[in-house]
Protein chains: 2
Amino acid sequence: MEDGERGQIAASTARERVLEVAARLFQEHGLARVTMRDVADALGMRQASLYHHAPGGKAQLYREVFERMIAHHRAGLEHAIAAAGPDLRARLRAVSSWYGTQQPLNFLRMMTSDMPSLGDDEAEALAAPAYAALMRPIRDAFAEAAAAGAIEARDPDLLAGSFLAVLDAVDFAESRAYGSADRVAMAHTMVDVLLDGLTVRA
Amino acid sequence: MEDGERGQIAASTARERVLEVAARLFQEHGLARVTMRDVADALGMRQASLYHHAPGGKAQLYREVFERMIAHHRAGLEHAIAAAGPDLRARLRAVSSWYGTQQPLNFLRMMTSDMPSLGDDEAEALAAPAYAALMRPIRDAFAEAAAAGAIEARDPDLLAGSFLAVLDAVDFAESRAYGSADRVAMAHTMVDVLLDGLTVRA
DNA sequence: GTCTATACACCGATAGAC
DNA sequence: GTCTATCGGTGTATAGAC
């Protein structure tokens with residue numbers, strides 16, 4: 001039994017390592033620019049050996065990586081929002097801070113470039129869980145604040161999508177050194193802009 | 001001479017058509033997902049025939065398309081801003097309206113996915129004109145409004161990048177039918193959010 | 001579980017006939 | 001200016017030895 005368990009644990013952690021390495025590469029460079037050889041190299045093995053751990057091929061590997069990633073983000077988002085209490089600013093700052101601890105998501109590239117590469121039907125099947133995990137928690141935070149009368153009533157899907165796009169822009173600004181601050185500071189700045197507006201008031 | 005001129009005109013317009021078709025495909029699907037065969041098919045010719053009009057190959061074709069596109073956007077942005085007068089809200093609304101008449105730019109995908117595919121040195125060489133054409137006019141509009149005391153002083157590069165990202169998000173929302181309105185209406189909504197904030201005031 | 005070797009498909013690009 | 005034919009390179013995936 002002990003050997004069996006060790007065997008399972010070893011297999012599990014080996015698979016875990018494959019998924020983590022693949023996730024990092026896919027998320028940083030995008031599906032099209034990461035080859036199976038790249039993943040295998042990062043794991044220190046030959047390209048063909050990778051198929052022992054990912055018998056379903058590249059598309060299936062991406063699907064598994066994608067599903068784990070959105071589950072991870074869903075949990076992180078929901079926890080950050082719940083722990084922040086009911087105030088929208090506190091919630092969005094918590095989301096921003098949590099994102100700052102994560103690898104850049106590149107949400108728009110993922111949705112408009114990676115997913116369509118899998119085919120239209122496949123992309124459609126992944127769009128729903130992606131929405132539920134990444135947009136829905138933020139959308140609900142906006143919708144609840146609007147229902148409570150704390151913010152103006154605006155399309156909450158538009159607000160959630162714009163917020164995720166701004167987080168992408170923050171990561172892009174940091175990578176290009178366009179922005180003057182770090183990711184979390186820039187994201188917090190944009191939270192204040194979205195809530196208070198840029199206009200100077202008397 | 002007449003024959004010669006006609007010949008030049010015909011060659012010029014034929015090349016024009018190649019660049020327009022390639023631009024549409026590259027901008028909609030991204031560099032990696034558009035093959036030379038796709039471009040040739042859309043032009044009604046064989047893949048090899050396309051090399052008569054694009055002897056430099058795919059990378060060179062993308063560069064030309066890219067340079068024309070950013071020149072087009074630079075002119076459009078600067079004209080829209082100049083025609084709108086000094087008020088920042090009018091300027092951003094004018095930019096939004098002008099964008100609504102254009103094919104979705106997919107700014108973030110272009111910068112994080114298409115350009116790195118050309119190689120790091122090439123991507124670096126294109127980043128500067130892309131910044132000057134796409135970000136600089138908007139950045140300057142924010143900076144001028146801040147200098148005039150009309151808006152809070154925030155990092156203008158962060159604001160410009162975020163605004164372009166929001167325009168991407170608007171196009172994404174429309175393509176996914178997440179948003180409830182059309183592109184221009186959603187963009188105008190987000191301009192008001194950025195300037196006035198979401199918070200309800202007494 | 002990793003390796004070498006290789007089949008297969010796709011894409012970019014060139015040569016040369018018409 | 002467009003075509004057919006073809007080469008070379010790259011990336012996915014499989015077969016089978018160890």
Side-chain angles (χ1 to χ4, degrees), chain A residues 3-22 25-26 28-66 113-120 122, chain B residues 3-23 25-26 29-66 113-120 122:
Chain A
D3 281 355
E5 285 176 6
R6 262 209 299 271
Q8 285 182 326
I9 288 171
S12 170
T13 54
R15 176 159 187 73
E16 202 76 9
R17 188 159 157 269
V18 169
L19 290 170
E20 282 170 10
V21 165
L25 292 175
F26 283 144
E28 180 172 356
H29 302 293
L31 175 58
R33 290 180 51 232
V34 174
T35 68
M36 292 298 265
R37 185 175 309 265
D38 293 332
V39 178
D41 285 350
L43 287 163
M45 67 176 65
R46 298 290 184 178
Q47 179 254 146
S49 306
L50 179 56
Y51 283 78
H52 176 76
H53 304 283
K58 186 182 182 182
Q60 174 62 16
L61 177 60
Y62 182 82
R63 270 188 289 270
E64 289 181 48
V65 160
F66 178 84
S113 189
D114 293 353
M115 288 182 40
S117 295
L118 299 172
D120 288 357
E122 191 62 32
Chain B
D3 282 355
E5 285 177 6
R6 261 209 300 270
Q8 285 184 325
I9 289 171
S12 171
T13 55
R15 175 160 187 73
E16 202 76 9
R17 188 159 156 269
V18 169
L19 291 170
E20 283 170 9
V21 165
L25 292 174
F26 283 145
H29 302 293
L31 175 58
R33 289 181 50 231
V34 175
T35 68
M36 293 298 266
R37 185 175 306 265
D38 292 333
V39 178
D41 285 351
L43 287 164
M45 67 176 64
R46 298 290 185 178
Q47 179 253 143
S49 306
L50 178 56
Y51 283 79
H52 176 75
H53 304 283
K58 187 182 182 182
Q60 175 62 16
L61 177 60
Y62 182 82
R63 270 187 289 268
E64 289 181 47
V65 160
F66 178 84
S113 189
D114 293 354
M115 288 182 39
S117 295
L118 298 172
D120 288 358
E122 190 63 33

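Residue numbers begin at 1 in each chain, while the letters A, B, ... track the order of the sequences.
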State the OG-CZ distance between S117(A) and R33(B), to the nearest 0.5 angstrom.
->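 If we round to the nearest 0.5 Å, S117(A):OG and R33(B):CZ are 5.0 Å apart.
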Rounded distance [0.5 Å steps], CE in M115(A) versus CG in D120(A) =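 Answer for the CE-CG pair, M115(A) versus D120(A), is 10.5 Å.
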Nearest-Å distance, [atom1] ([X]) to [atom2] ([N])?
X	N	atom1	atom2	answer
L43(A)	dC3(C)	CG	P	11 Å
L50(A)	dT2(C)	CG	C1'	12 Å
R17(A)	dG1(C)	CZ	P	13 Å
L25(B)	dC11(C)	CG	P	14 Å
R46(B)	dT6(D)	CZ	C1'	15 Å

Considering all heavy atoms of both residues, which atom of [X] and which atom of [Y] are nearest to each other, and what is their separation?
X	Y	result
V34(A)	L25(A)	CG2-O, 3.3 Å
L50(B)	A40(B)	CD2-N, 4.0 Å
L31(B)	F26(B)	CD1-CE2, 3.8 Å
L43(B)	V18(B)	CD1-CG2, 3.8 Å
V39(B)	A22(B)	CG1-CB, 4.2 Å

Near DNA chain D, which residues from residues 55-63 of chain A have a heavy atom under 4.0 Å away?
->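 Heavy-atom contacts with DNA chain D come from G57(A), K58(A).
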Measure from the side-chain heavy atoms of Q47(B) and tell me the nearest of dC3(C), dA13(C), dT14(C).
->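 Given the options dC3(C), dA13(C), dT14(C), the side chain of Q47(B) is closest to dA13(C).
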Which nucleotide sits closest to the side chain of Y51(B): dG12(C), dC3(D), dT2(C)?
->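 The closest nucleotide is dG12(C).
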OP1, OP2 of [N] versus side-chain N and O of [X]: anything below 4.0 Å?
X	N	value
S49(A)	dC3(C)	yes
H52(B)	dG1(D)	yes
H53(A)	dT2(C)	yes

For residues 55-65 of chain A, pull every pair meeting side chain to side chain donor-acceptor pair (under 3.5 Å), keeping only residues two or more places apart or in separate chains.
->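 Matches after skipping sequence neighbours: R15(A)-E64(A), Q60(A)-R63(A), Q60(A)-E64(A), R63(A)-E122(A).
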Over its full length, what angle do the end axes of the helix from dG1(C)-dC18(D) to dC18(C)-dG1(D) make, each axis taken from five pairs and the result rounded to 10 degrees?
->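 Overall, the helix from dG1(C)-dC18(D) to dC18(C)-dG1(D) bends by 0° from one end axis to the other.
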Salt bridge (Lys or Arg N to Asp or Glu O under 4.0 Å): pairs with one or both residues in residues 38-48 of chain A, sequence neighbours excluded =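 Those involving residues 38-48 of chain A do not exist here.
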Mind listing the residues from residues 31-39 of chain A sitting with a heavy atom below 4.0 Å of DNA chain C? Number order is fine.
->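 Listed by number, there are none.
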Worked check of side chain to side chain contact (heavy atoms under 4.5 Å, CB included) between M45(A) and H53(A) | CA-CA 11 Å; M45(A) 67 176 65; H53(A) 304 283; 3.8 Å; yes
Side chain to side chain contact (heavy atoms under 4.5 Å, CB included) against A32(B), all qualifying residues, sequence neighbours excluded =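 In terms of side chain to side chain contact (heavy atoms under 4.5 Å, CB included), with neighbours along the sequence ignored, A32(B) is linked to A32(A).
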